[in-house]
Structure formats: structure tokens, C-alpha cells
Amino acid sequence: MMEGFTRSEIKTSGARIVTLRGGSGPPVLLMHGNPFTHLSWQKFAPRLAQDFTVVATDLRGYGDSESRPAATTTRAIRSAPWRRTRSR
């Protein structure tokens, strides 16, 4: 965990999302890319927190955040609109 940041969890309808929050001032949301986690911001977030309220999350399925159950993901893929069209 990043020093000076508070960890919290946001329960959504589909998953539990982990966030770290620190600093004060105007808000800044830090979102990582694939395949990283909130820890990719550990060198920058403390400096930003000197002037901003920094919120760094683990996106769904990454780091400490929950992912969708496998059955839900498979069902969503099978019923996706692009699966119903056929190219000729």
C-alpha cells in the first residue's frame, strides 16, 4: 500500500472495487492500463497527493478488485451482438 493513502472497497452490483485515496485538493482519478494495478502509480501518487485528492483504483478483475464470475463472462460472450452476425 502507498504511504499516506487509505484503502477502501466499493461494492457494486457486479464486483467489489478496491481504491486507495490520499491527499487533499481538487480530485484526480488514476486508472491503470492492462495488465497493471493501482501500484503502477506508486511513484507518482504521493507527489500528486501534495496538491490533489488522489484516487487510484484497481479496475474490475485486476489487483485486489473482484472479477466477474466465469459463468457470467461466458454467457455475456456467447450472447454478444457480434456473435449473432455472420460475414459472407
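Keep in mind that the numbers below use all heavy atoms, side chains included, and drop hydrogens, waters and symmetry copies. Throughout, numbering of the chain's residues begins at 1 and tracks the sequence.
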Output for pair (Leu30 CG, Thr57 OG1), nearest 0.5 Å, gives 8.5 Å
Return the CZ to CD distance between Arg16 and Glu9, rounded to the nearest 0.5 Å. 4.5 Å
Give me the atom names and distance for the closest heavy-atom approach of Val54 to Ala49. CG2-N, 3.6 Å
Enumerate, atom names and distances included, each donor-acceptor pair closer than 3.5 Å involving a side-chain atom of residues 41-48, sequence neighbours excluded.
| residue | atom | partner | partner atom | Å |
| --- | --- | --- | --- | --- |
| Arg47 | NH1 | Gln50 | OE1 | 3.1 |
| Arg47 | NH1 | Asp51 | OD2 | 3.1 |

Once salt bridge (Lys or Arg N to Asp or Glu O under 4.0 Å) is applied, what residue pairs with a partner in residues 29-41 remain, sequence neighbours excluded? none
What verdict does the side chain to side chain contact (heavy atoms under 4.5 Å, CB included) test give for Arg7 and Val18, after you've listed the backbone C-alpha separation in whole Å, the side-chain angles of each residue and the deciding distance to 0.1 Å? CA-CA 7 Å; Arg7 177 191 162 110; Val18 173; 3.7 Å; yes
Checking Thr53 now: which residues fulfil side-chain hydrogen bond (donor to acceptor under 3.5 Å, both in side chains) with it, not counting sequence neighbours? none
Distance from Asp58 atom CG to Leu20 atom CG, nearest 0.5 Å? 7.5 Å
Sorted by chain and residue number, the side-chain contact (heavy atoms from CB on, under 4.5 Å) partners of Thr12 (sequence neighbours excluded) come out as Ile10, Ala15, Ile17
